[in-house]
Amino acid sequence: MRVRAGDSNVSGQRSGRPIWSEAAERFPPADRILSTVLIRQAAQYGDGTLLVFGKTRWSYAETASIAAASAARLMRAGIRAGDRVALICSNRPEFLEVYLGCAWMGAVCVPINTALRGIQLSHILRNSGPKLLVVEAPFMPAVATLESDVAPPGVIWTIGEGGEPFSMPGPIAPLPPLGEGVPPAQARPGDTVAILYTSGTTGPSKGVCCPQAQMFWWGVYSARALGIVEGDVLFTTLPLFHTNALNAFYQALLNGCTYVLEPKFSASGFWAAARRHRATVGYLLGAMAVMLLAQPPSENDTAHQLRVVLGGGVPGRFHGPFLARFDVPLLDGYGSTETNFVFASPIPSDRPGTMGYLADGVEPVSSIPTIRCCRTASPANCCCVRASRSHSRRAISECPRRRSRPGGISGFTPVTSSCATPTVTIISPTG
């Protein structure tokens with residue numbers, strides 16, 4: 001099944017309503033899985049455009065059909081619920097085809113940074129144990145750099161053309177065409193839908209297991225932070241293997257928006273692309289904002305419709321100049337880029353480090369907390385270590401190390417009693 005161009009934009013039917021505020025009511029806990037969200041949004045928005053990539057347009061209805069057909073394709077290859085599907089691919093519609101197919105039928109997508117080679121790529125494949133590897137053709141040579149003890153999956157599909165041909169054990173075939181779809185699997189909100197690997201700056205990359213419902217809340221809380229409304233055009237040049245671009249897709253889907261995906265970032269072409277797509281919300285990382293500021297000034301610097309840009313990691317001193325030159329505020333986000341709990345707000349240059357508002361249900365603790373390390377509800381099995389928030393990791397390491405009970409759950413559990421000073425309860429496998 002191939003999508004056709006020329007569908008109407010959701011932005012043409014923009015209501016300006018903050019749909020994220022209705023998400024919890026519209027999608028009760030059991031419904032916070034991608035297949036249910038796709039089906040329900042397809043029924044509401046129909047031919048409205050969800051995805052724009054070059055000349056490709058996917059309507060909301062077509063996206064649901066593509067997910068069902070992609071799931072059927074995976075199942076014909078022997079993939080079952082819980083199996084991992086590794087994906088090495090740049091920004092292109094086939095990436096989303098594979099991801100959506102996995103989510104629809106209960107498999108786990110493992111997006112991999114396209115720059116990885118050798119020991120790093122070997123670690124991820126060894127750690128995730130994928131049953132299928134889907135590789136964009138130009139990145140196939142990376143598979144040849146795997147360490148000798150790492151065998152590639154038994155089935156490899158290639159996307160597109162290019163790359164150097166070489167022989168490998170096991171079948172290598174082009175990505176099969178889409179056919180008829182299948183009904184969605186009975187997935188649960190807590191089922192893992194993706195494993196996103198960290199950058200590995202402090203050691204080997206860690207695989208973060210992201211549940212279906214976590215992705216749902218990405219789309220809700222990020223949209224709240226950005227002030228996204230129904231009909232917005234969300235414009236990203238960030239790689240889909242990174243949480244930021246996936247997050248933006250969920251924002252668009254949940255909030256009745258259009259998701260515009262560019263192949264890659266271009267400092268010289270960013271604003272022209274934003275104008276061409278009539279984008280209203282953009283996405284940058286720290287270095288990208290600095291690169292845009294380094295471009296020669298132009299009379300078109302403010303000739304765009306961007307209302308806000310998520311600028312994760314942009315140093316505070318650049319916020320003011322960015323707003324002054326491009327007439328668009330930067331919003332920063334805090335927390336792991338893989339778990340992406342977004343507590344965000346504009347950060348004026350005179351208030352660097354501002355943490356923004358607290359999400360509902362989250363309460364602040366004292367600036368000098370006592371960290372409580374416990375294995376059971378008995379105070380005798382607890383210790384209290386006083387430390388500043390910035391040294392909490394060191395304080396945890398000072399807690400006595402205890403082995404879990406035979407047959408028990410590894411790690412520590414919160415206690416009901418309290419220390420003499422305010423505490424932050426730590427649940428840690430190391431105490």
message: Between the side chains of E22 and R17, is the shortest nitrogen-to-carboxylate-oxygen separation below 4.0 Å, so that they form an ion pair?
response: yes
- request: Evaluate the criterion side chain to side chain contact (heavy atoms under 4.5 Å, CB included) for residue pair L133 and I88; output intermediate values, then yes/no.
  value: CA-CA 8 Å; L133 174 61; I88 306 176; 4.1 Å; yes
- line: Smallest heavy-atom separation, C209 atom then T192 atom, equals CB-OG1, 3.9 Å
Side-chain donor-acceptor contacts of residues 134-152 below 3.5 Å, not counting sequence neighbours, with atom names and distances?
residue : atom : partner : partner atom : Å
E136    : OE1  : S90     : N            : 2.8
E136    : OE1  : S90     : OG           : 2.6
E136    : OE2  : S90     : OG           : 3.2
E136    : OE2  : R92     : NH1          : 3.0
T145    : OG1  : G118    : N            : 2.8
T145    : OG1  : A142    : O            : 2.6
E147    : OE1  : R126    : NH2          : 2.9
D149    : OD1  : R126    : NH2          : 3.1
D149    : OD2  : R126    : NE           : 3.4
D149    : OD2  : R126    : NH2          : 3.3

- request: Show your reasoning for whether side chain to side chain contact (heavy atoms under 4.5 Å, CB included) applies to V281 and V233.
  value: CA-CA 6 Å; V281 179; V233 178; over 6 Å; no
message: Determine whether L331 and V309 satisfy the following criterion, side chain to side chain contact (heavy atoms under 4.5 Å, CB included), listing intermediate values before the conclusion.
response: CA-CA 6 Å; L331 192 82; V309 169; over 6 Å; no
- request: With rounding to the nearest 0.5 Å, note down the distance linking OH in Y259 to OG1 in T49.
  value: 15.0 Å
task: With the side chain counted from C-beta on, respond yes when V314 and H319 share a heavy-atom pair under 4.5 Å apart, and no when they do not.
output: yes
- prompt: If only atom types and distance count, is the side chain of Q44 paired as donor or acceptor with the main-chain N or O of Q41 below 3.5 Å?
  reply: no
Expected list for residues 100-115: side-chain donor-acceptor pairs under 3.5 angstrom, two or more places apart:
residue : atom : partner : partner atom : Å
W104    : NE1  : V182    : O            : 2.8
N113    : OD1  : A115    : N            : 2.8

Any donor-acceptor N/O pair, H242 side chain to N244 backbone, under 3.5 Å: yes
field: Non-hydrogen side-chain atoms of L253 and L50 separated by less than 4.5 Å
entry: yes
- request: Keeping the roles fixed (side chain from T236, backbone from L261), state whether a donor-acceptor pair exists under 3.5 Å.
  value: no
field: Plane angle bin for F216 and F27 - parallel if under 30°, tilted between 30 and 60°, otherwise perpendicular
entry: perpendicular
task: Give a yes-or-no answer on whether the side chains of Y250 and Q214 include a donor-acceptor pair shorter than 3.5 Å.
output: no
query: What's the spacing between R32 CZ and L254 CG if we round to 0.5 Å?
result: 10.5 Å
task: Identify the heavy atoms of D332 and G312 that sit nearest to each other, and give their distance.
output: OD1-CA, 3.3 Å
- request: Report the C-alpha distance between F326 and W271 in whole Å, list the side-chain angles of each, state the deciding distance to 0.1 Å, and finish with yes or no for ring pair (Phe, Tyr, Trp, His ring centres under 6.0 Å).
  value: CA-CA 10 Å; F326 301 116; W271 295 110; 4.6 Å; yes
- request: Identify, with sequence neighbours excluded, every residue that meets side chain to side chain contact (heavy atoms under 4.5 Å, CB included) alongside A287.
  value: none
- request: Check side chain to side chain contact (heavy atoms under 4.5 Å, CB included) between P315 and all other residues, then give those that pass, not counting sequence neighbours.
  value: R317, F318
query: Is there a side-chain contact between F265 and L284 (heavy atoms, below 4.5 Å)?
result: yes
query: Distance-only, no hydrogens or angles: does the K55 side chain make a donor-acceptor pair with backbone N or O of F53 under 3.5 Å?
result: no
task: Please answer whether the main-chain N or O of K206 pairs with a side-chain N or O of T198 as donor and acceptor at a distance below 3.5 Å.
output: yes
field: Minimum heavy-atom distance G179-A69, with the two atoms named
entry: O-CB, 3.3 Å
- prompt: Does a side chain donor of either Y197 or N127 reach within less than 3.5 Å of an acceptor in the other side chain?
  reply: yes
Inter- and intrachain pairs under salt bridge (Lys or Arg N to Asp or Glu O under 4.0 Å), touching residues 277-296, at least two apart: none
query: Does the Q212 side chain pair with the main chain of A187, one donor and one acceptor, at a distance under 3.5 Å?
result: no
- prompt: CZ/R84 to NZ/K131 distance, rounded to the nearest 0.5 angstrom?
  reply: 12.5 Å
Partners passing side-chain hydrogen bond (donor to acceptor under 3.5 Å, both in side chains) against D191 (at least two apart in sequence or in another chain): R188
- line: Tightest non-hydrogen contact, residues P189 and A30, listed as CG-CA, 3.9 Å
message: If you apply the rule side chain to side chain contact (heavy atoms under 4.5 Å, CB included), what do you find for R307 with V328, and how did you get there?
response: CA-CA 6 Å; R307 185 178 69 250; V328 58; over 6 Å; no
query: Do V193 and L34 come close enough that some side-chain heavy atom pair is under 4.5 Å?
result: no
message: Any non-hydrogen side-chain atom of V229 less than 4.5 Å from a side-chain atom of W20?
response: no
Side-chain H-bond candidate by donor/acceptor type, T280 with D232, under 3.5 Å: yes
query: Listed by chain and number, what are the salt bridge (Lys or Arg N to Asp or Glu O under 4.0 Å) partners of R276, not counting sequence neighbours?
result: E262
field: Minimum side-chain heavy-atom gap Y60-D47 below 4.5 Å
entry: no
- prompt: Is L178 close to S70 at the side-chain level, that is, under 4.5 Å between some pair of heavy atoms?
  reply: yes
query: Is there a donor-acceptor contact under 3.5 Å from the side chain of N91 to the main chain of L238?
result: yes
statement: Rounded to the nearest 0.5 Å, the OG atom of S205 sits from the CD1 atom of I195 at a distance of 13.0 Å
message: According to salt bridge (Lys or Arg N to Asp or Glu O under 4.0 Å), who are the partners of R26, at least two apart in sequence or on a separate chain?
response: none
task: Sequence neighbours left out, what passes side chain to side chain contact (heavy atoms under 4.5 Å, CB included) with D327? Give chain and number order.
output: T302
field: Residues that Y283 engages under side-chain hydrogen bond (donor to acceptor under 3.5 Å, both in side chains), provided they are two or more places apart
entry: Q251
message: For residues 289-300, which residue pairs pass the side-chain hydrogen bond (donor to acceptor under 3.5 Å, both in side chains) check, not counting sequence neighbours?
response: none
message: Treating R117 as the side-chain partner and S122 as the backbone partner, does any N or O pair qualify as donor plus acceptor under 3.5 Å?
response: no
query: Does P93 reach the side chain of T56, with side-chain heavy atoms less than 4.5 Å apart?
result: yes
field: Rounded distance (nearest 0.5 Å) linking atom CD1 of I124 with atom CD of Q120
entry: 7.5 Å
statement: When every non-hydrogen atom of N247 is compared with those of G219, the smallest separation belongs to OD1-N, 4.3 Å
message: Working to the nearest 0.5 angstrom, can you tell me the gap between F235 CZ and L306 CG?
response: 7.5 Å
field: Shortest non-hydrogen contact from L125 toward A86
entry: CD2-CB, 4.1 Å
message: Test of understanding: with side chain to side chain contact (heavy atoms under 4.5 Å, CB included), list the residues that count as partners of P176, not counting sequence neighbours.
response: R73, W157
